[in-house]
Amino acid sequence: MKRKTGQDRSITNQWRPATQAVRGGTARSEYGETSEALFLTSGYCYDRAGDAAARFAGEQEGMTYSRLQNPTVEMLEQRIALLEGAEACRTMASGMAAMTAVLLCQLQAGDHLVGGRAAFGSCRWLTDTLLPKFGIATTVVDARDPQAFLDAVRPETKVFFFETPANPTMDVADLQAICAIARERGITTVVDNAFATPALQRPMDFGADVTAYSATKMMDGQGRVLAGAVCGTEDFITNTLLPFTRNTGPTLSAFNAWVVLKGLETLDLRIHRQSESALKVATFLEGRVPRVLCPALPSHPQHELAMRQMKAGGSIFALELDGGREQAHGLLDALELIDISNNIGDSRSLMTHPASTTHAGVAEDKRVEMGIGEGMLRLNVGLEDADDLIDDLDQALRAVGL
């Protein structure tokens with residue numbers, strides 16, 4: 001590959017996803033390094049004062065400050081955009097920085113947002129608490145029902161914001177139907193695609209305007225760093241999102257960008273292996289616990305829709321126990337191999353009790369409305385042998401009488 005091939009979209013757009021994940025966005029320096037270079041610098045120098053003025057005026061290409069541009073970060077942004085099928089991408093310091101920025105950059109007092117009811121706890125805090133503080137009205141609906149979005153639309157509605165599959169209930173939203181409703185009315189759709197990643201699902205292929213990510217999850221995939229990303233048109237990223245991030249500074253560090261670049265090289269391999277293992281583990285659990293919520297299982301109420309939108313079911317699913325928090329915590333405490341952790345997307349298998357961790361900040365009545373009961377557990381299936389995970393779950397289930 002030549003020095004600039006990885007940044008030539010006329011070439012990289014023709015590559016298949018696994019190749020894009022390894023080489024997309026790469027720009028080699030004059031040294032010809034094989035691995036992407038790590039640029040640890042806060043600022044940049046100029047040969048002449050006029051060059052600095054020209055760059056700040058937008059008349060000359062080049063970088064000015066690492067809050068705005070960094071060569072390593074730029075390579076990651078180009079790679080994610082390529083995988084997503086988007087014109088452009090902007091990365092940020094964490095997934096929640098990305099979610100906050102993508103909403104605040106385009107909403108103002110008097111606007112209205114319709115959000116998916118089932119969502120990560122911090123995303124519900126954005127819609128329920130933060131946005132209303134700035135005079136932005138919000139309505140949460142059951143994202144499994146496209147009609148609910150239509151019924152919630154007002155003249156001042158500007159954004160639809162939802163996850164699919166949703167965290168932790170694994171609700172699946174009909175991307176094509178919801179995005180069509182939005183497009184007909186000039187509403188921007190923002191889809192949190194962290195559970196699936198572009199390796200399994202590309203919301204823009206179904207009409208979404210913007211996708212947002214916690215790249216901390218499957219994109220890094222090994223529990224090492226925090227990162228977030230927003231993908232969209234060049235116009236949205238440059239003229240709507242960039243002015244917000246330039247002046248508020250949710251900047252991704254060059255080191256974290258480099259780590260995620262390395263993670264993306266194995267994304268295609270990891271997510272398919274983990275999806276296969278997750279289905280095997282979920283199939284085992286289906287015969288032992290009252291309910292398993294895994295999109296890859298035929299028993300999932302939206303299985304057919306999930307399989308139309310996704311290449312595989314993903315590495316994450318939920319299960320429900322009848323014994324409430326006591327039994328759920330007892331199962332977690334009995335685990336010997338699987339870690340108790342509120343993170344997801346890791347190469348290690350992790351399990352958590354959402355009601356007391358990721359969604360502890362959500363009021364109990366809202367948790368119930370979302371479908372998060374005291375007996376719900378969320379499992380992130382890693383890269384271990386699936387049979388070892390099954391053995392661990394088997395002994396933990398027996399420890400709590402199942």
Side-chain angles (χ1 to χ4, degrees), residues 84 94-103 113-128 130-131 138-146 148-149 152 159-179 181-182 187-219 228-232 271 293-296 300-302 305-306 309-310 313-318 342-345 352 354 357-359 361-362 366-367 369-372 376 378 380:
E84 190 65 32
S94 69
M96 285 314 303
M99 303 302 161
T100 304
V102 76
L103 298 180
L113 172 145
V114 181
R117 183 175 66 192
F120 177 51
S122 293
C123 288
R124 278 299 301 259
W125 184 85
L126 290 180
T127 58
D128 296 351
L130 181 67
L131 295 182
T138 63
T139 302
V140 292
V141 301
D142 186 343
R144 295 172 295 183
D145 180 12
F149 281 88
V159 173
F160 286 173
F161 176 51
F162 60 96
E163 306 171 9
T164 184
N167 183 0
T169 60
M170 306 310 294
D171 290 355
V172 178
D174 189 330
L175 284 164
Q176 190 166 5
I178 296 170
C179 293
I181 291 169
I187 298 167
T188 300
T189 49
V190 177
V191 180
D192 179 347
N193 197 40
F195 268 33
T197 82
L200 296 184
Q201 175 176 271
R202 302 204 314 179
M204 290 182 184
D205 291 347
F206 298 90
D209 298 299
V210 179
T211 54
Y213 287 98
S214 172
T216 307
K217 308 304 188 287
M218 285 300 298
M219 288 189 181
V230 176
C231 298
I271 200 161
L293 296 166
C294 174
H300 189 282
Q302 297 162 291
L305 173 61
Q309 295 181 168
M310 301 170 65
S315 62
I316 305 157
F317 64 87
N342 51 279
N343 197 22
I344 54 173
T352 195
T357 58
T358 58
H359 291 71
V362 178
K366 291 182 180 179
R367 289 202 304 268
E369 182 185 53
M370 292 164 68
I372 302 172
M376 177 175 278
R378 188 193 66 198
N380 169 94

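As a basis for the values below, the full set of heavy atoms in this structure was taken, side chains included, without hydrogen atoms, waters or symmetry mates. Along the sequence shown, residues are numbered consecutively beginning with 1. Because the structure is predicted, anything quoted here is derived from the model rather than measured.
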Residues that Arg117 engages under side-chain hydrogen bond (donor to acceptor under 3.5 Å, both in side chains), provided they are two or more places apart:
Asp142
How would you list, by chain and number, every residue that makes a side chain to side chain contact (heavy atoms under 4.5 Å, CB included) with Ala173, sequence neighbours excluded?
Ala143, Phe162, Thr164, Ile178
If you round to the nearest 0.5 Å, how far is CD1 of Ile316 from CD1 of Ile344?
4.0 Å
Could you pull out the closest heavy-atom pair between Tyr213 and Met99, with the gap in Å?
N-CE, 3.8 Å
Using the salt bridge (Lys or Arg N to Asp or Glu O under 4.0 Å) rule, collect all pairs that involve residues 208-219, keeping only residues at least two apart or in two chains.
Arg183-Asp209
Taking only residues at least two apart or on different chains, which pairs with a member in residues 162-176 satisfy salt bridge (Lys or Arg N to Asp or Glu O under 4.0 Å)?
Arg144-Asp171
Just grab all the salt bridge (Lys or Arg N to Asp or Glu O under 4.0 Å) pairs involving residues 194-205, residues at least two apart or on different chains.
Arg202-Asp205
I'd like to know if the side chain of His300 reaches the main chain of Met170, judged simply by a donor and an acceptor atom lying under 3.5 Å from each other, with no hydrogens or angles considered.
yes
To the nearest 0.5 Å, tell me how far Thr100 OG1 sits from Leu126 CG.
4.5 Å
By side-chain hydrogen bond (donor to acceptor under 3.5 Å, both in side chains), which residues pair with Gln302, not counting sequence neighbours?
none
Partners of Thr352 by side-chain hydrogen bond (donor to acceptor under 3.5 Å, both in side chains), sequence neighbours excluded?
Thr357
For Ala182, enumerate each residue passing the side chain to side chain contact (heavy atoms under 4.5 Å, CB included) test, keeping only those at least two apart in sequence or located in another chain.
Phe160, Ile187, Thr189
Could you tell me the separation between the CD1 atom of Ile271 and the OG1 atom of Thr197, rounded to the nearest 0.5 Å?
3.5 Å
Where do Ala177 and Pro146 come nearest, in terms of heavy atoms and distance?
CB-CG, 3.8 Å
Pro198 to Glu84 - nearest heavy-atom pair and separation
CB-OE1, 3.4 Å
With sequence neighbours left out, write down each residue that passes side-chain hydrogen bond (donor to acceptor under 3.5 Å, both in side chains) with Asn167, or none if nothing qualifies.
Arg378
In this structure, CG of Leu103 is separated from CZ of Phe161 (nearest 0.5 Å) by 5.0 Å
Which value, rounded to the nearest 0.5 Å, describes the distance between Asn193 atom CG and Met310 atom CE?
8.0 Å
Please report the closest heavy-atom contact between Val141 and Ala152, naming both atoms and the distance.
CG1-CB, 3.9 Å
Can you list everything that forms a side chain to side chain contact (heavy atoms under 4.5 Å, CB included) with Ser122? Sequence neighbours excluded, please.
Met96, Phe120
Which heavy-atom pair separates Val210 from Met204 by the least distance, and what is that distance?
CA-CE, 4.1 Å
Measure the CZ-OG1 distance between Arg124 and Thr358 for me, rounded to the nearest 0.5 Å.
13.0 Å
Residues forming a side chain to side chain contact (heavy atoms under 4.5 Å, CB included) with Ser315, sequence neighbours excluded
Met218, Gln274, Asn380
Quick check against the 3.5 Å criterion: does Thr138 have a side-chain atom that pairs as donor or acceptor with the backbone of Thr127?
yes
Closest non-hydrogen contact found for Ala119 with His359 is O-NE2, 2.7 Å
Min side-chain heavy-atom separation Pro165-Gln309 under 4.5 Å:
no
